[in-house]
Structure formats: structure tokens, C-alpha cells
Protein chains: 2
Amino acid sequence: MNKCDQCIVRQLSSLKALNKDEVIKLANSKTTYTIKKGEAIFEEGDVTNGVFCVKDGVGKLSKLSANGKDQIVKLVKSGELLGQRSMISNEPANLSAKAIADMEVCFIPKSEIIHFFNNNNQFSLNLMQSVCEDLKESENDKIALVQKTVKQRLAETLLHLHNEFGENEDKTLKVQLTREELAGIIGTATESCIRLLSDFNKLELIELVGKKIMLKNVKALKRMAE
Amino acid sequence: MNKCDQCIVRQLSSLKALNKDEVIKLANSKTTYTIKKGEAIFEEGDVTNGVFCVKDGVGKLSKLSANGKDQIVKLVKSGELLGQRSMISNEPANLSAKAIADMEVCFIPKSEIIHFFNNNNQFSLNLMQSVCEDLKESENDKIALVQKTVKQRLAETLLHLHNEFGENEDKTLKVQLTREELAGIIGTATESCIRLLSDFNKLELIELVGKKIMLKNVKALKRMAE
DNA sequence: CTATAACTATGACATTTATCATGTTATAAC
DNA sequence: GTTATAACATGATAAATGTCATAGTTATAG
């Protein structure tokens with residue numbers, strides 16, 4: 001039995017469609033990397049020529065703007081694939097991928113993925129559905145950015161982070177984002193984000209435990225989000 | 001020779017990968033519709049069970065918000081496929097599709113597409129790339145929404161419309177959008193959009209010919225957009 | 001051909017959000 | 001442990017954008 005077979009990525013991603021032989025092929029071609037918090041897996045413009053499996057940790061896909069702000073497009077966690085889009089489009093990465101918490105990732109060369117894509121219908125359908133899921137989410141985010149206020153988007157994002165990543169024993173959010181990163185997700189200035197967190201704190205919607213955030217009134221947050 | 005073979009959609013979309021037999025199969029299963037300006041092809045929540053080929057005309061994919069504003073996510077023109085995402089995801093439509101100019105579309109049932117997807121690697125790759133293209137565009141739009149001002153987005157959108165759809169003999173933009181629709185694309189209030197168009201007009205970046213818009217200083221618009 | 005509705009336009013004003021300034025607190029480096 | 005650095009926080013202010021009101025203009029139906 002080889003390592004890829006039991007891997008969380010294999011269980012959660014499009015790779016679940018692979019058969020035994022394919023998994024062996026996969027295990028033989030992959031390369032494993034450790035990425036420390038803050039480090040990049042790839043940068044905007046890099047030609048990656050493959051995809052990255054996220055075995056552990058949390059990463060962000062983001063784009064730096066002219067004025068130095070880092071807009072976060074998506075967070076990724078263990079079990080997900082990274083860099084599918086640019087690999088399929090045959091283009092350099094449109095976004096940078098960086099670790100928010102220490103990560104363990106495996107690189108799978110493009111040739112492998114294309115091989116699976118061409119020979120395994122279920123895999124190609126899975127991959128397709130995964131990109132479609134990203135597309136739907138991106139479109140909905142886009143609409144939320146325009147139609148909701150910063151306050152609504154912050155409430156929505158806090159709930160989303162809670163759902164996606166869960167909470168620690170002390171009930172604080174498990175993903176440890178800086179205020180700047182949080183601002184980068186909701187698309188606002190860092191100061192505005194901090195100010196609103198203070199407001200939410202005063203309203204007892206959340207509690208600020210140092211730099212950590214604890215959701216105190218989920219119902220009210222939900223009401224605020226829509 | 002059957003009709004689908006010469007169709008513009010067949011030439012431009014993922015369908016270009018189909019072989020002769022497949023095109024015949026396609027021609028036998030399709031249904032043609034005429035959609036008048038303003039009418040819907042499908043609405044948010046509809047289960048479409050197939051894709052629509054845009055043979056002629058212009059359509060918009062949009063989502064209505066709680067406050068009654070219609071956010072436009074994408075414009076589609078002849079040669080493109082519509083409803084790929086929700087068909088692949090097996091979900092009701094996330095967006096509404098409506099005609100902006102009279103349209104001619106063909107409906108292709110899901111069973112056909114899935115059949116092509118499973119039996120024609122080039123087709124599945126094409127389809128995949130098309131969704132990836134949409135994803136990239138959506139992500140970049142999302143970033144632009146946050147990082148650019150309304151003024152910049154208007155300039156950018158005018159240039160984009162010019163590139164995508166071209167101009168009439170009188171040099172005005174070929175796509176005839178209402179100010180409200182234009183506002184829905186850039187994500188702003190209709191009044192703000194009108195006001196900025198007036199400003200651009202005074203600055204001689206554009207000229208307002210009745211409801212039509214003519215680009216007068218493309219260079220300056222480009223400068224303004226970034 | 002008129003009347004009705006939809007679209008375009010603009011002013012006045014309110015609200016939201018960004019920016020700049022400054023101080024505090026936490027974290028990391030030595 | 002102390003110093004340096006990054007992260008958090010908050011006030012003051014400016015800028016951008018939305019909202020409401022109102023009016024002119026164009027298209028459409030009958």
C-alpha cells in the first residue's frame with residue numbers, strides 16, 4: 001500500500017476517482033514540500049506545470065494590486081487541489097498561493113493529470129465539477145462585493161470562516177488571519193476592518209480574544225449578513 | 001450536410017471538437033428558439049437540463065439582489081455556450097439569462113453533452129478550458145471591483161465593450177445597453193453611472209449620441225482604467 | 001397622434017468607506 | 001530582558017458613492 005492511497009487529498013478531491021494503478025502512478029510521480037507560514041507555493045506569473053495537493057495547513061490565493069493591497073480570492077485547506085485552472089488553461093498562474101498556516105503539499109506534474117483526464121471519465125468529470133464550483137463561488141462573491149456593505153461582508157465572512165475551518169477549544173476561529181488578511185478577503189481597508197470588528201465586539205456579536213475572534217451571536221451575524 | 005455543421009457556435013465553442021457523426025447527432029437533438037430583447041432564456045433557479053448555443057444576438061447573465069438591483073455577471077454573444085456550469089454541477093441555474101438584443105439560441109439536452117464529454121477527449125478539454133476561462137475572468141473582475149474606483153471600472157468596461165462587440169458605422173458602441181445595465185456591469189448605482197458618463201463626455205473621452213456611446217479618446221480611457 | 005411609461009439627466013444631500021495621523025500592544029530578534 | 005518591528009486600535013477628516021427628488025427626453029401602445 002502506498003502513501004497517496006490514504007491521503008486526505010485523495011479522499012476529498014477529484015483524485016478520489018483514481019483506481020489502484022493510477023494511485024500508484026500518482027505516488028511515483030509526486031513530490032512533497034513543506035511550506036512555512038508566510039512562504040509562497042507559487043507566485044502570480046509562475047509557470048507551475050502541474051497541480052498542488054494540500055495535505056495539511058491553510059493557504060490563500062491572492063493578487064497584489066498597484067497600491068500594495070493584497071486581495072484574497074480564495075482560502076484553501078487540506079484535501080483541496082491548487083493550480084488546476086492555470087494548468088488546464090495552459091497559462092502562468094493568475095494568482096499567488098501563500099501559506100497562512102504551515103502547509104504540507106504534494107506537487108503532481110501536469111503530464112499525470114492530463115493522463116488521468118484523458119483516461120478516466122469520472123476523474124475528468126470531478127475535476128470539471130470542482131472548477132465549476134469555484135466559478136459559482138467566485139460569481140457569488142462578485143455579486144456580494146457589489147450588493148453588500150462592508151459590514152455585511154464582514155459578518156458573512158466570519159460565518160463562512162467558522163463553517164469552513166471550525167473553532168478551537170476556546171471557541172475562537174481556527175483560521176488565524178491577521179486583520180489585514182481579513183480585510184483582503186472582504187475587500188476593504190485594514191482600518192475599516194478593525195473598526196468594524198470593534199463595533200461587532202461592542203455589540204457582543206463577537207468577542208476579540210487578543211488577535212483571535214470568537215463568534216458570540218451567530219444568529220445576529222446571519223441576520224446582519226443578508 | 002446538416003445545419004449545425006456551419007453554425008457559428010460550432011466554429012467558436014467547445015463544439016468545434018465534434019466529429020461528423022457527433023455533429024449529426026447534435027443536429028438531431030437540438031431545438032431552436034428565438035428570444036426577443038428583454039425576454040429570458042432561463043431564470044435563476046430554473047433546472048435547464050442542457051446548454052444553450054447562442055447563434056445570434058447578445059445576452060446577459062445576471063442576478064437580482066434583495067434591493068432590486070440586477071448585477072450583471074457576464075455578457076454573452078454569438079458563438080458562446082450558456083448554462084454549462086449549472087449543467088455540469090447538476091444544479092439549478094445560479095443566474096438568469098436574458099436577451100439584450102434579439103437572440104437565436106439552440107438548446108442541446110444534457111444527455112448529448114455528457115455523451116460527448118465522455119467520448120471525446122478534445123471536447124471535454126475544450127469545455128473545461130472554457131469554464132476555466134470564465135473562472136479567470138470572474139476572479140479578475142472580483143479583484144477589479146475591490147481595487148478600482150467606479151470611474152476606473154466604467155472606463156475599463158467601455159473599452160471592454162468596444163473590444164468585444166465592436167462599433168457601428170457611426171462609431172458608437174454596437175452593444176446597446178441601458179445606463180441601468182451598464183451600471184449593473186460595473187456594479188454601481190444607475191445615477192452614478194449616468195453622472196460619470198456625463199463627466200467623461202465633458203472631458204471628451206466619449207461622446208453621448210442620444211443613448212448611444214462613442215469612444216473618442218481610447219488612450220485616455222486606458223490610462224484612466226489602470 | 002397622443003398619452004403613458006421607461007429612460008436619461010442633474011442637483012442636493014446623506015452615508016459609507018478610505019486615508020492619514022497617532023498611539024498602544026504584542027511578537028520577534030538580539 | 002530590552003529593543004525593534006509588526007500588528008492592532010481609534011480619532012479626525014476627506015473622498016467616493018448612494019439615495020432621493022425632480023425634470024426633461026425618448027420610445028411605445030393604443
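- Among residues two or more places apart in sequence or in another chain, the side chain to side chain contact (heavy atoms under 4.5 Å, CB included) test is passed with B:D170 by B:N168, B:T172, B:K212.
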Which pairs would a plain distance check flag for residues 85-106 of chain B, meaning a side-chain donor or acceptor within less than 3.5 Å of a matching protein atom at least two apart in sequence or in another chain?
from: B:R85; atom 1: NH1; to: B:S89; atom 2: OG; distance (Å): 3.1
from: B:R85; atom 1: NH1; to: B:E91; atom 2: OE1; distance (Å): 3.4
from: B:S89; atom 1: OG; to: B:R85; atom 2: O; distance (Å): 3.1
from: B:N90; atom 1: OD1; to: B:K110; atom 2: NZ; distance (Å): 2.5
from: B:E91; atom 1: OE1; to: A:K136; atom 2: NZ; distance (Å): 3.1
from: B:N94; atom 1: OD1; to: B:K63; atom 2: NZ; distance (Å): 3.0
from: B:N94; atom 1: ND2; to: A:N140; atom 2: OD1; distance (Å): 3.0
from: B:S96; atom 1: OG; to: B:E43; atom 2: OE1; distance (Å): 3.4
from: B:S96; atom 1: OG; to: B:E44; atom 2: N; distance (Å): 2.9
from: B:D102; atom 1: OD1; to: B:K37; atom 2: N; distance (Å): 2.8

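- Each ring pair (Phe, Tyr, Trp, His ring centres under 6.0 Å) pair with one or both residues in residues 194-215 of chain A, not counting sequence neighbours, would appear here, but there are none.
- A salt bridge links B:E207 with B:K216: at least one charged nitrogen is closer than 4.0 Å to a carboxylate oxygen.
- Between B:K142 and A:E137 there is no salt bridge, since no side-chain N of the basic residue sits under 4.0 Å from a carboxylate O of the acidic one.
- Taking B:S130 as the reference, B:Q84 meet the side-chain hydrogen bond (donor to acceptor under 3.5 Å, both in side chains) condition, with sequence neighbours excluded.
- Protein atom CD1 of A:I194 is 13 Å distant from nucleotide atom C1' of C:dT22, rounded to whole Å.
- The CD atom of A:E139 lies 9.5 Å from the CG atom of B:D141; values are rounded to the nearest 0.5 Å.
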At a cut-off of 3.5 Å, list every protein nitrogen or oxygen paired with a nitrogen or oxygen from nucleotides 16-21 of chain C, distance to 0.1 Å.
from: C:dT17; atom 1: OP1; to: A:V150; atom 2: N; distance (Å): 3.0
from: C:dA18; atom 1: OP1; to: A:T188; atom 2: OG1; distance (Å): 3.4
from: C:dA18; atom 1: OP2; to: A:T188; atom 2: OG1; distance (Å): 2.3
from: C:dA18; atom 1: OP2; to: A:A189; atom 2: N; distance (Å): 3.3
from: C:dA18; atom 1: OP2; to: A:S192; atom 2: OG; distance (Å): 2.8
from: C:dT19; atom 1: OP2; to: A:K69; atom 2: NZ; distance (Å): 3.2
from: C:dT19; atom 1: O4; to: A:R195; atom 2: NH2; distance (Å): 3.0

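- Among residue pairs with one or both ends in residues 175-185 of chain A, those qualifying as salt bridge (Lys or Arg N to Asp or Glu O under 4.0 Å) are A:K60-A:E181; sequence neighbours excluded.
- Atom-to-atom, NZ of B:K212 to P of C:dC7 comes out at 17 Å; the value is rounded to the nearest Å.
- For A:S192, the side chain to side chain contact (heavy atoms under 4.5 Å, CB included) test picks out A:T188, A:A189, with sequence neighbours left out.
- Per the geometry, CG belonging to B:L182 stands 14 Å off C1' belonging to C:dC7, to the nearest Å.
- Listed here is the closest heavy atom pair of A:K77 and A:F165: CB-CE2, 3.6 Å.
- In plain terms, the two heavy atoms of A:L215 and A:L158 that are nearest each other are CD1-O, 3.9 Å.
- Screening residues 48-91 of chain A for ring pair (Phe, Tyr, Trp, His ring centres under 6.0 Å), with sequence neighbours left out, gives A:F42-A:F52, A:F52-A:F107.
- With a cutoff of under 4.0 Å to any heavy atom of chain A, the contacted region of DNA chain D is bounded 5' to 3' by D:dA7 to D:dA12.
- In this structure, A:L197 reaches neither bases nor backbone, as no heavy-atom distance under 4.0 Å exists between it and the strands shown.
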Polar atoms only, N or O, under 3.5 Å: list the protein pairs with nucleotides 3-6 of chain C and their distances.
none

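- Only at 4.0 angstrom or more do the heavy atoms of residues 166-175 of chain A sit from any atom of DNA chain C, so none qualifies.
- The side chain to side chain contact (heavy atoms under 4.5 Å, CB included) test applied to B:I8 returns B:L12, B:S78, not counting sequence neighbours.
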